[in-house]
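What follows is one structure encoded as structure tokens, with my remarks underneath.
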Amino acid sequence: MASFYFLLLLLVSATTITASGVDLCTDFYSCTCPNLLTIVKKGVAQAIRKEPRMGVSLLRLHFHDCFVNGCDASILLDDSSNFEGEKTAAANNQSARGFNVINDIKCSVEKECPKVVSCADILALAARDSVLSIIMAVEDIEVLQLGGPSWEVGLGRRDSTTASRKDANNNLPGPFLNLANLTNNFANQGLSVTDLVALSGAHTIGLAQCKNFRAHIYNDSNVDPSYRKFMQSKCPRSGRDNTLEPLDHQTPIRFDNLYFQNLVSKKALLHSDQELFNGSSSDNLVKKYAANTAAFFEDFAKGMVKMSNIKPLTGSQGEIRINCGKLN
């Protein structure tokens with residue numbers, strides 16, 4: 001019998017959430033699409049039941065959307081004659097996943113509430129539901145979800161009418177950045193060092209490609225020797241660039257605080273992750289989260305609320321896409 005993870009439900013904001021001077025409301029669709037939350041939650045659960053890795057993919061998709069030009073679902077757009085989209089940016093190409101899941105959920109929403117709910121709001125809800133810490137039964141089938149906190153999702157975003165590969169390449173943080181560059185990258189989005197460290201804890205789940213951690217395990221000095229040897233057996237000095245390895249080998253699909261314990265032990269897979277614990281001011285936050293799961297969950301939830309509210313399009317801005325990958 002599978003063991004059940006306990007749910008830590010953290011409600012970190014009120015019904016009205018202010019984003020860039022604009023109010024998003026948790027009950028925005030209460031009259032126009034009252035079953036929205038149920039539809040999204042069911043769609044996410046079904047996707048994770050088929051492939052547990054999809055949970056982190058949906059979370060990452062939301063992150064990579066918000067950090068380009070705000071949480072506007074621009075990452076979901078296919079290339080058009082007017083722009084090169086974000087799907088093929090360096091951080092997304094052959095890496096970003098979950099587009100079909102969001103489109104499937106959107107189709108279900110459209111059947112019940114046509115032309116009402118934005119793809120940007122669906123993506124924000126899907127990210128939250130992916131992280132929720134529970135094993136639940138959907139149609140009598142156990143569904144493994146990821147084991148983390150929940151948070152209130154303000155709604156009322158609209159979808160962008162353009163996308164930018166250039167902006168994605170410039171704005172998305174990469175695995176080779178040092179702490180100063182990471183701090184500046186997050187600050188450009190209105191996020192603090194606490195947000196940086198807490199949100200980096202999402203790397204307690206998911207996978208990374210050999211090409212993105214090779215330099216760290218062969219060249220950096222702040223790597224535990226036994227971990228270095230183990231990872232070098234998985235990722236040679238050349239070749240096997242796309243080989244995938246868990247960011248957290250201990251509990252790769254459970255959302256917990258072992259990521260931070262790994263940082264303290266110098267067992268981070270990525271250079272950018274180990275930068276958070278490398279003799280700097282962020283060390284204390286890492287040690288705090290390594291010792292206190294509840295503190296990590298609380299700050300992660302607060303950080304997700306802030307990130308989800310980066311420069312939303314509201315009112316008459318943008319559009320409500322019918323197909324998340326194409327303009328109307």
Side-chain angles (χ1 to χ4, degrees), residues 2-15 17 26 37 41 44-45 48 52 55-56 58-60 62-63 66 124-136 142-154 179 182-183 186 189-206 246-270 272-278 280-309:
S3 62
F4 283 74
Y5 300 143
F6 290 103
L7 170 65
L8 176 58
L9 181 62
L10 299 169
L11 301 180
V12 297
S13 61
T15 299
I17 300 170
T26 56
L37 301 188
K41 184 176 292 185
V44 169
I48 295 175
V56 67
L58 294 173
L59 176 62
R60 185 172 184 262
H62 181 46
F63 173 84
C66 294
L125 288 168
R128 188 270 309 274
D129 291 344
S130 292
V131 174
L132 204 59
S133 62
I134 193 170
I135 295 176
M136 62 172 61
E142 281 193 343
V143 179
L144 173 64
Q145 295 199 34
L146 301 180
S150 184
W151 56 91
E152 295 276 10
V153 178
L179 181 61
L182 288 168
T183 301
F186 273 65
Q189 305 294 345
L191 300 174
S192 68
V193 172
T194 298
D195 298 323
L196 162 62
V197 178
L199 291 176
S200 294
H203 283 178
T204 188
I205 50 179
L247 290 159
D248 169 12
H249 270 272
Q250 296 160 283
T251 54
I253 60 171
R254 182 174 180 179
F255 199 101
D256 55 30
N257 71 333
L258 290 186
Y259 163 83
F260 295 104
Q261 295 178 24
N262 290 337
L263 298 191
V264 173
S265 300
K266 298 183 179 181
K267 295 179 180 179
L269 187 61
L270 301 177
S272 56
D273 284 338
Q274 195 60 63
E275 279 289 293
L276 302 179
F277 190 82
N278 194 29
S280 69
S281 58
S282 61
D283 285 9
N284 288 334
L285 280 169
V286 171
K287 288 188 286 188
K288 174 184 175 181
Y289 299 149
N292 190 330
T293 300
F296 163 45
F297 279 12
E298 180 177 4
D299 285 351
F300 180 85
K302 290 177 179 178
M304 284 300 301
V305 170
K306 290 174 66 175
M307 189 195 78
S308 297
N309 297 334

**Request:** Take Ser282 and Leu179 through the test side-chain contact (heavy atoms from CB on, under 4.5 Å) and record every step on the way to the result.
**Result:** CA-CA 9 Å; Ser282 61; Leu179 181 61; 3.8 Å; yes
**Prompt:** How are the rings of Tyr259 and His203 set to each other: parallel, tilted or perpendicular (split at 30° and 60°)?
**Reply:** perpendicular
**Asked** So how far is it from Gln274 CD to Leu269 CG, rounded to the nearest 0.5 Å?
**Response** 10.5 Å
**Fill in**
In short, Pro252 meets Pro246 closest at the heavy-atom pair CB-CB, 3.7 Å
**Prompt:** Which value, rounded to the nearest 0.5 Å, describes the distance between Leu58 atom CG and Ile48 atom CD1?
**Reply:** 6.5 Å
**Request:** Take Leu196 and Leu285 through the side-chain contact (heavy atoms from CB on, under 4.5 Å) test and state the conclusion after the steps.
**Result:** CA-CA 10 Å; Leu196 162 62; Leu285 280 169; over 6 Å; no
**Message:** Main chain of Asn278, side chain of Asp283: is a donor-acceptor contact present, judged purely on distance under 3.5 Å?
**Reply:** yes
**Asked** Does the side chain of Phe277 reach to within under 4.5 Å of the side chain of Lys287, using non-hydrogen atoms?
**Response** yes
**Message:** Main chain of Tyr289, side chain of Asn257: is a donor-acceptor contact present, judged purely on distance under 3.5 Å?
**Reply:** yes
**Fill in**
dist Leu182:CG -> Glu275:CD (nearest 0.5 Å) comes out at 7.0 Å
**Prompt:** Does Asp256 offer a backbone N or O that forms a donor-acceptor pair with the side chain of Thr204 under 3.5 Å?
**Reply:** yes
**Request:** Give the minimum heavy-atom separation between Gly206 and Val56, together with the two atoms involved.
**Result:** CA-CG1, 3.7 Å
**Message:** If you apply the rule side-chain contact (heavy atoms from CB on, under 4.5 Å), what do you find for His62 with Met304, and how did you get there?
**Reply:** CA-CA 10 Å; His62 181 46; Met304 284 300 301; 3.9 Å; yes
**Fill in**
CD of Gln189 to CZ of Phe63, rounded to nearest 0.5 Å, is 8.5 Å
**Request:** Identify the residue among Leu263, Leu258, Val264 that makes a side chain to side chain contact (heavy atoms under 4.5 Å, CB included) with Gln261.
**Result:** Leu258
**Asked** Do the ring planes of Phe296 and Phe255 sit parallel (below 30°), tilted (30 to 60°) or perpendicular (above 60°)?
**Response** parallel
**Request:** Show your reasoning for whether side-chain contact (heavy atoms from CB on, under 4.5 Å) applies to Lys288 and Asp299.
**Result:** CA-CA 11 Å; Lys288 174 184 175 181; Asp299 285 351; 3.9 Å; yes
**Item:** Minimum heavy-atom distance Leu276-Ser280, with the two atoms named
**Value:** O-OG, 4.3 Å
**Item:** Nearest heavy atoms of Ser130 and Gly55, plus distance in Å
**Value:** CB-O, 3.4 Å
